[in-house]
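As the structure lists them, so they are numbered: ligands from 1, and atoms in each ligand from 1. In what follows, residues are counted from 1 in the order of the sequence shown.
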Amino acid sequence: MTEKHLVLVGLMGAGKTTVGKRCAARLGREFIDTDDVVIALAGGASVHDIFDTGGESHFRELERQAVADVCSSPAPLVIGCGGGTVIDPENRRRLRSDGIIVWLQAPVDVLAARVGDGQSRPLLAGDPVGALSRLSSLRESAYEASADAKVDTTDRTVDDVADAVLDVVAAVSS
Ligand code: S3P
C-alpha cells in the first residue's frame, strides 16, 4: 500500500463520521464507517438488533471482521471506527499498521450533548452521561496507545477539525 488509510477513533459523539466525511471529500477518498460494515456483515441487522440477539461479544466479532475488511482495501480510505474498536488488541495492531490514527476528543458533557438520548447506541441506554464517563476512563489508555495524534473537537467547526486532522496526515506522511 502506498498511502495509509486515515483512521478516526474516539468515543461516541466525538464526530468521527461527520469529520471523516469532510476529510474524505477533501482528500478525494471514500469514507467508510466500521458500524456500516458490521451491519452489512449481519445481513442488514441494526447495531441494536446485533447486541440484542448475539450480545456485545457477537458485535465485537463482526467488528473485528469489519476492521480487517476495510484495512485490506487497496485504495486508501478514511475510516470512522466505532468507539470500542481500538479496545481489541488485534484491531489496534491492524489499524496501526495500515493507517494513520487520529483520536477525536471532547469532554464527556460535550459528547453527551451530541449523542442526545443515545437511542441508537446500546451501550448508552438509560444513562448516556454515566456510560460515557465510564467508557472514557476505561478506554483512555487504548485510544492513547493507538493514536498518532489527538485533536480536540470542542467548540470547533467541522472544517476546523478537518483542517487539524489533515495537518496530522501531512505531518505523519512527510
Ligand atoms: C460503540 C460505539 C458505536 C457502535 C456501538 C458500540 C462503542 O459507534 O460501534 O454502539 O463501544 O463505543 P460510534 O462510536 O460510531 O457511535
Side-chain angles (χ1 to χ4, degrees), residues 5-24 29-71 77-95 99 101-147 150-154 156 158 161-162 165:
H5 303 304
L6 166 58
V7 180
L8 300 178
V9 301
L11 285 171
M12 293 172 265
K16 294 161 297 195
T17 303
T18 314
V19 172
K21 286 182 176 168
R22 191 66 54 91
C23 290
R29 295 187 188 185
E30 189 182 350
F31 172 78
I32 296 195
D33 189 318
T34 57
D35 281 346
D36 290 337
V37 181
V38 167
I39 289 166
L41 288 170
S46 68
V47 170
H48 251 296
D49 286 345
I50 299 167
F51 269 73
D52 282 351
T53 53
E56 182 173 352
S57 61
H58 181 50
F59 177 84
R60 298 299 171 200
E61 272 169 39
L62 295 172
E63 191 173 55
R64 203 171 303 123
Q65 180 64 51
V67 167
D69 286 358
V70 290
C71 281
L77 303 170
V78 178
I79 301 169
C81 284
T85 308
V86 297
I87 305 314
D88 179 275
E90 175 56 22
N91 287 343
R92 280 208 297 276
R93 190 201 62 71
R94 187 73 201 253
L95 291 163
I101 305 183
V102 179
W103 174 14
L104 298 185
Q105 294 182 305
V108 165
D109 58 325
V110 173
L111 299 173
R114 290 182 190 155
V115 299
D117 62 10
Q119 259 191 348
S120 63
R121 291 155 162 129
L123 293 180
L124 299 185
D127 176 19
V129 178
L132 282 164
S133 302
R134 276 192 301 283
L135 292 173
S136 175
S137 328
L138 284 172
R139 293 179 175 175
E140 175 121 352
S141 59
Y143 292 136
E144 191 81 58
S146 348
K150 32 188 152 177
V151 168
D152 184 16
T153 66
T154 317
R156 295 173 82 175
V158 175
V161 176
V165 170

K.L.:
Ignoring hydrogens, just give me the one of G15, G83, G80 whose non-hydrogen atom is nearest atom 2 (C) of ligand 1.
P.N.:
G83
K.L.:
Distance only, no hydrogens: is a donor on one side chain within 3.5 Å (strictly under) of an acceptor on the other, for R114 and T153?
P.N.:
yes
K.L.:
Please state which option from R60, K16, H48 has its nearest heavy atom closest to atom 6 (C) of ligand 1.
P.N.:
R60
K.L.:
As an exercise, identify every atom of ligand 1 less than 4.0 angstrom from a heavy atom of R121.
P.N.:
16 (O)
K.L.:
Using a 4.0 Å cut-off to any heavy atom of L123, which atoms of ligand 1 qualify?
P.N.:
7 (C), 11 (O)
K.L.:
Apply side chain to side chain donor-acceptor pair (under 3.5 Å) to residues T17 and D33 and explain how you reach the verdict.
P.N.:
CA-CA 7 Å; T17 303; D33 189 318; 3.0 Å; yes
K.L.:
At a 4.0 Å threshold, what atoms of ligand 1 neighbour a non-hydrogen atom of R139?
P.N.:
7 (C), 11 (O), 12 (O)
K.L.:
Any atoms of ligand 1 less than 4.0 Å from a non-hydrogen atom of P122? List them with their elements.
P.N.:
10 (O)
K.L.:
Does an N or O anywhere in D35 fall below 3.5 Å from an N or O of ligand 1?
P.N.:
yes
K.L.:
Please find the pair of heavy atoms, one from I50 and one from A45, that lie closest to each other, and give the distance.
P.N.:
CD1-O, 3.8 Å
K.L.:
Are E61 and R64 within salt-bridge range, i.e. N to O under 4.0 Å?
P.N.:
no
K.L.:
Of all the heavy-atom pairs spanning A162 and R22, show the shortest one and how long it is.
P.N.:
CB-CG, 4.0 Å
K.L.:
Without swapping roles, check the side chain of H5 against the backbone of C71 for a donor-acceptor pair under 3.5 Å.
P.N.:
yes
K.L.:
Give a yes or no answer on whether the side chain of T34 reaches the backbone of V67 with a donor-acceptor pair at less than 3.5 Å.
P.N.:
no
K.L.:
Just jot down the ligand 1 atoms closer than 4.0 angstrom to any heavy atom of V47, in number order.
P.N.:
10 (O)
K.L.:
Do me a favour and list the nearest non-hydrogen protein atom to atom 5 (C) of ligand 1 with residue, atom name and distance?
P.N.:
F59 CZ, 3.9 Å
